[in-house]
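Working notes, beginning with the structure itself.
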Amino acid sequence: MDSKTPSLDFAIVGHSEDWKSIQKFINGIRTAELEPLPVDKIKEVFGFIPPREIFRITLRSKTGKEVTGVYIESFIDPDKLGVTYLRTNINKVKKAVILAAKLNAKRVALGGFTSILLEGNIDSFEEYDLKVTTGNTLTAAFIVKSVEKAVAESGQDLNSVKLLVIGATGDIGMACIQYFKGKVKKLILNARNKAKLENAEKELIEQGVNIALGNSLEDLIPEADVIISVASSNNIEIKNVREGVIICDAGYPKNLDLKFSDLKENLLFHGGMGKVSHGYWFRPDYSNFFYTYPDQFLAHGCVLEVIVLAFENVFENYSTGKGNITNKGIEEIYCWSLKHGVILAPFYNSRGLCNQGNNSNKK
Ligand SMILES: NC(=O)c1ccc[n+]([C@@H]2O[C@H](COP(=O)([O-])OP(=O)(O)OC[C@H]3O[C@@H](n4cnc5c(N)ncnc54)[C@H](OP(=O)(O)O)[C@@H]3O)[C@@H](O)[C@H]2O)c1
């Protein structure tokens, strides 16, 4: 690390969602004289590019404080997220964190899939003078608070609701279950690994929680009034829902609504998202080539967590891996977040903002 380089408040390590957005971004930042690259050409080289700095970001808190950080693209191939490529992808994330340290970033957020890759292994960065967070506590906070808001706006009582969590044994899924146990009428747990599900069941039954569980979504979905989807998978299919169902799609990449046609009578929104109400700015400003949200200043909870920590001047490994998110942590980070004007994103999905003719909930 160069001691003369001014330090950055944070770094974000991220990955791109799909080839369409990668192509738009790459062709956007190439000079106008160059021919646009076809996606096949991009696919040939993309995964071989080492992690690198793409742009800087400055964000303003409600208190007037400003923080500045860097976005580092990991160049993980979106077609290669499976276990076969685990070692390659872990190496990319490690290199990206080391680059963050070289850029003199004080904290680094592992966005989306990159946190899953390093789950529980952030100790390996102890030699660097930076703190690492998965960002999952603020993500979980935005999910649970937005679900509470959606339920209240639909006129239902939370304690009469049956809540299905898809990805119930994951870091964020477990946090949602801990938060909603005792608050909803019934918890319905779904994941693929039966043994892990049964472990979770045992603990919850001992605590007197009313639960059901299973591997088959087909059997579980019709019972649910509210669905939180936080599975690390793009193979989730939602069908045969109850009328008026509320669905919070908090997985990344998000694609539930593209497969879910019944949006008229139901609410499906992208969850785990927040809004920086006092704004943020990019340098260079490439936002035209990658910003696709239907409202200003939106971002993922995992990214916003490191920013809230920077606003608060907290220097610790905050969200550290599977099973460590507590209700106290959720309330703490959410409270800091609101203090700095980082609020829940409005309800939206890939068709735009909800309740503007795209989507309604009629209960
Ligand atoms: N909105 C945001 O800001 C934000 C931030 C961070 C993460 N995320 C996203 O949130 C999701 C969860 O993150 P995490 O850290 O909690 O991941 P995680 O700890 O790896 O948990 C994933 C969960 O999904 C389950 N799962 C995987 N494939 C499934 C399938 N086909 N059907 C049902 N369950 C399945 C896993 O259990 P089994 O393996 O047993 O099925 C596990 O319970 C990821 O998609 C991540 O990218 C979003």
Side-chain angles (χ1 to χ4, degrees), residues 12-18 74 76 78 81-83 86 89 93 109-122 133-147 164-179 188-201 213-221 227-238 248-256 259 269-275 293 298-308 318-325 333 337 342 344-345 348-349:
I12 297 156
V13 172
H15 64 102
S16 302
E17 222 170 330
D18 52 49
S74 56
I76 289 174
L81 298 182
V83 280
L86 199 61
N89 290 339
V93 178
L110 301 174
F113 184 70
T114 67
S115 68
I116 296 165
L117 289 166
L118 279 197
E119 206 67 79
N121 283 323
I122 56 181
T133 188
T134 66
N136 281 355
T137 310
L138 188 56
T139 302
F142 284 151
I143 292 169
V144 297
K145 300 295 178 185
S146 61
V147 164
L164 165 62
V165 180
I166 304 171
T169 53
D171 192 30
I172 302 174
M174 283 193 281
C176 293
I177 286 163
Q178 287 308 313
Y179 184 88
I188 308 168
L189 279 52
N190 169 260
R192 293 163 307 175
N193 185 308
K194 212 166 164 231
K196 283 191 198 161
L197 270 179
E198 284 170 356
N199 269 346
E201 177 189 37
L213 79 170
N215 301 115
S216 159
L217 274 181
E218 235 169 82
D219 299 337
L220 303 176
I221 286 173
I227 300 172
I228 295 175
S229 181
V230 271
S232 314
S233 169
N234 49 15
N235 292 322
I236 310 291
E237 197 153 356
I238 304 281
C248 170
D249 176 8
Y252 180 84
K254 299 191 189 310
N255 60 3
L256 283 188
K259 294 185 200 156
F269 66 94
H270 288 184
M273 305 295 299
K275 174 170 172 139
Y293 302 123
L298 302 191
H300 285 88
C302 52
V303 163
L304 291 174
E305 178 169 306
V306 81
I307 287 150
V308 168
Y318 196 79
S319 302
T320 54
K322 210 171 265 192
N324 295 328
I325 301 174
I333 193 86
S337 184
V342 182
L344 288 180
Y348 76 93
N349 57 43

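Values in this document were obtained by computation on a predicted structure and should not be read as measured data. Counting starts at 1 for both ligands and their atoms, in listed order. Because only heavy atoms are used, hydrogens play no part in the values below, and waters and symmetry mates are left out as well, while side chains stay in.
Counting only heavy atoms from C-beta outward, the side chains of Thr137 and Glu305 approach each other to under 4.5 Å. Within the 4.5 Å cutoff, side-chain heavy atoms of Ile172 are placed close to those of Ile143.
Ligand 1 places these atoms under 4.0 Å from at least one heavy atom of Ala250: 1 (N), 8 (N), 9 (C), 10 (O), 48 (C). With ligand atoms numbered from 1 in the order given, ligand 1 contributes 33 (C) to contacts under 4.0 Å with heavy atoms of Asn190. Heavy-atom proximity to Gly112, at under 4.0 Å, picks out these atoms of ligand 1: 47 (O). Residue Gly271 has at least one heavy-atom neighbour below 4.0 Å for each of these atoms of ligand 1: 1 (N). Of all the atoms in ligand 1, the ones that sit under 4.0 Å from a non-hydrogen atom of Gly272 are 1 (N), 2 (C), 3 (O). Atom numbering of ligand 1 starts at 1 in the shown order; those under 4.0 Å from a heavy atom of Gly301 are 3 (O). Which parts of ligand 1 touch Ile236 is read off a 4.0 Å heavy-atom cut-off, strictly below it: atoms 30 (C), 31 (N), 32 (N).
If you check the side chains of Lys275 and Tyr293, you find no donor sitting under 3.5 Å from an acceptor.
Of the N or O atoms in Met273, none lie within a sub-3.5 Å distance of an N or O in ligand 1. Ligand 1 has a nitrogen or oxygen under 3.5 angstrom from a nitrogen or oxygen of Asp171. No N or O atom of His300 sits closer than 3.5 Å to an N or O atom of ligand 1. By the 3.5 Å distance cut-off applied to N or O atoms, Gly173 is not counted among the residues near ligand 1.
When heavy-atom distances to ligand 1 are checked against a 4.0 Å cut-off, Thr169 comes that close through both its backbone and its side chain. With a heavy-atom cut-off of 4.0 Å, Thr134 does not touch ligand 1 at all. In Lys322, the part holding a heavy atom less than 4.0 Å from any atom of ligand 1 is the side chain. No part of Val303 comes within 4.0 Å of ligand 1, judged by heavy-atom distances. Heavy atoms from both the backbone and the side chain of Ala231 come within less than 4.0 Å of ligand 1.
Heavy atoms of Asn235 come nearer than 4.0 angstrom to ligand 1 in no pair at all.
When the options Glu237, Glu17, Lys194, Arg192 are ranked by their closest heavy atom to atom 39 (O) of ligand 1, first place goes to Arg192.
In terms of the side chain to side chain contact (heavy atoms under 4.5 Å, CB included) criterion, residue partners of Leu220 (sequence neighbours excluded) are, by chain and number, Leu164, Ile188, Asn190.
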